[in-house]
Amino acid sequence: MKRIAIFASGTGSNARKIVEHFSSHDDVAVSLIVSNKSKAKVLEMAQSHGIKRLIIDRPYFYESEEIVSLLKEKKIDLIVLAGFLWLVPKYLVQAFPNRIVNIHPALLPKFGGKGMYGMNVHRAVKEAGEKESGLTIHFVNENYDEGGYIFKAACQINDSDSPEEIAAKILKMEHKYFPKVVERVLRNGEKISS
Ligand code: GAR
């Protein structure tokens, strides 16, 4: 059995797609959903699927390393960041080498880094007059939006597209690809490297 922990700060539509994808797999389970926001919609989704939830605050996440013992106790094989907006501390990256993946709604290294999340990314892409954008799935290191790339998919941006339209286009692609890429990383196990 392989076990996934999903970290998410908001709606959790990607988290939901991952949960739904693996609900028909006997050998993979989403065992835990972690959020830094007690009112995040993703926590409602976790509850409706009977998945254990953990709400974290800054002292717990940045001043203690307790989450490592918890994740190890639960035998978590892979941590998936699905719209998780806090920087992952170094101790956690070191405890799960090449075992933390993130999705970013742009073609990294463009439009990544601190403050580049959600609509901020799509507005910046629009303002820069980009002709394409997309998504990047990558391993996580201790810096925002860095770490080895696992998968990218691009889409065209038309001059008339609003940032909201760009966001919708990319979110649809994220839903299509993210669960499959997570499964690939999980099944390739130790062979994956950044
Ligand atoms: C997704 O588009 C994800 O790529 C983005 O947040 C959204 C979460 O949506 N992540 C980042 O911007 C990270 N830098 P969701 O909560 O509906 O899955």
Side-chain angles (χ1 to χ4, degrees), residues 4-23 30 32-49 51 53-56 61 78-89 92-93 100-128 130 132-155 157 161-185 194:
I4 298 172
I6 300 177
F7 287 31
S9 303
T11 313
S13 68
N14 279 287
R16 177 188 292 279
K17 289 288 170 190
I18 292 167
V19 167
E20 288 171 356
H21 177 83
F22 288 112
S23 64
V30 176
L32 182 68
I33 299 217
V34 177
S35 186
N36 58 308
K37 292 237 172 84
S38 61
K39 297 216 162 68
K41 280 250 181 283
V42 70
L43 293 170
E44 291 170 26
M45 188 278 292
Q47 191 170 30
S48 69
H49 283 85
I51 301 169
R53 308 175 300 171
L54 173 70
I55 299 163
I56 56 171
F61 200 47
L78 188 70
I79 298 171
V80 175
L81 309 186
F84 182 66
L85 303 184
W86 280 3
L87 187 66
V88 176
L92 190 51
V93 174
I100 310 177
V101 300
N102 179 45
I103 190 161
H104 185 77
L107 297 171
L108 291 174
K110 282 182 163 182
F111 306 103
K114 192 167 165 53
M116 278 294 179
Y117 58 85
M119 284 308 297
N120 293 351
V121 176
H122 306 300
R123 280 189 212 105
V125 165
K126 175 75 187 171
E127 269 166 35
E130 294 288 309
E132 63 166 18
S133 188
L135 66 96
T136 305
I137 300 169
H138 63 96
F139 288 110
V140 167
N141 69 16
E142 58 267 32
N143 301 312
Y144 280 110
D145 304 323
E146 285 184 15
Y149 300 142
I150 301 166
F151 179 86
K152 282 187 186 184
C155 62
I157 296 177
D161 285 347
S162 66
E164 288 73 19
E165 284 164 332
I166 299 170
K169 222 185 260 190
I170 292 174
L171 192 63
K172 202 168 160 198
M173 291 167 70
E174 292 187 321
H175 293 168
K176 178 177 173 195
Y177 293 117
F178 201 18
K180 292 182 186 142
V181 174
V182 166
E183 181 170 2
R184 208 177 76 202
V185 173
S194 57

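Numbers here are sequence positions counted from 1. Read the numbers this way: they start at 1 and go in the same order the structure lists the ligands and their atoms. Fair warning: this is a prediction, and the values are worked out from it, not measured in the lab.
A donor atom on one side chain and an acceptor atom on the other are not found under 3.5 Å apart for S133 and H122.
If you look at M116 next to ligand 1, the close heavy atoms, those under 4.0 Å, all belong to the backbone.
Atom 9 (O) of ligand 1 has N14 ND2, 4.0 Å as its closest protein atom, hydrogens excluded (heavy atom only). Scanning the protein for heavy atoms near atom 16 (O) of ligand 1, the closest one is G12 N, 2.8 Å. The protein non-hydrogen atom at the shortest distance from atom 7 (C) of ligand 1 is G83 CA, 4.4 Å. The protein heavy atom nearest to atom 11 (C) of ligand 1 is P105 CD, 3.6 Å. Atom 17 (O) of ligand 1 has as its closest protein heavy atom S13 OG, 2.5 Å.
Distance alone, capped at 3.5 Å, is enough to place a donor-acceptor pair between the D145 side chain and the G113 backbone. Judged by distance alone, with hydrogens and angles left aside, the side-chain atoms of S35 form no donor-acceptor pair with the main-chain N or O of I55 at under 3.5 Å.
Of the inter-residue distances, the one linking F139 atom CZ with L81 atom CG reads 12.0 Å to the nearest 0.5 angstrom.
A cation-pi geometry, defined here as NZ or CZ lying under 6.0 Å from the six-membered ring centre and within 45° of its normal, holds between K152 and Y149.
No salt bridge links K17 with E174; every basic N to acidic carboxylate O contact stays at or beyond 4.0 Å. Ion pairing between a basic and an acidic side chain is recognised when a charged N comes within 4.0 Å of a carboxylate O; D161 and K169 show such pairing.
A8 does not count as a contact of ligand 1, since none of its heavy atoms falls under 4.0 Å from the ligand. Heavy atoms of I103 come nearer than 4.0 angstrom to ligand 1 in at least one pair.
An N or O contact shorter than 3.5 Å links H104 to ligand 1 by distance.
Each of the atoms 12 (O) of ligand 1 lies under 4.0 Å from some heavy atom of G118. With ligand atoms numbered from 1 in the order given, ligand 1 contributes 16 (O), 17 (O) to contacts under 4.0 Å with heavy atoms of T11.
For atom 1 (C) of ligand 1, the nearest non-hydrogen atom from the set K17, E174, K41, H122 belongs to E174.
The aromatic rings of F151 and Y177 sit tilted, their planes meeting at an angle between 30° and 60°.
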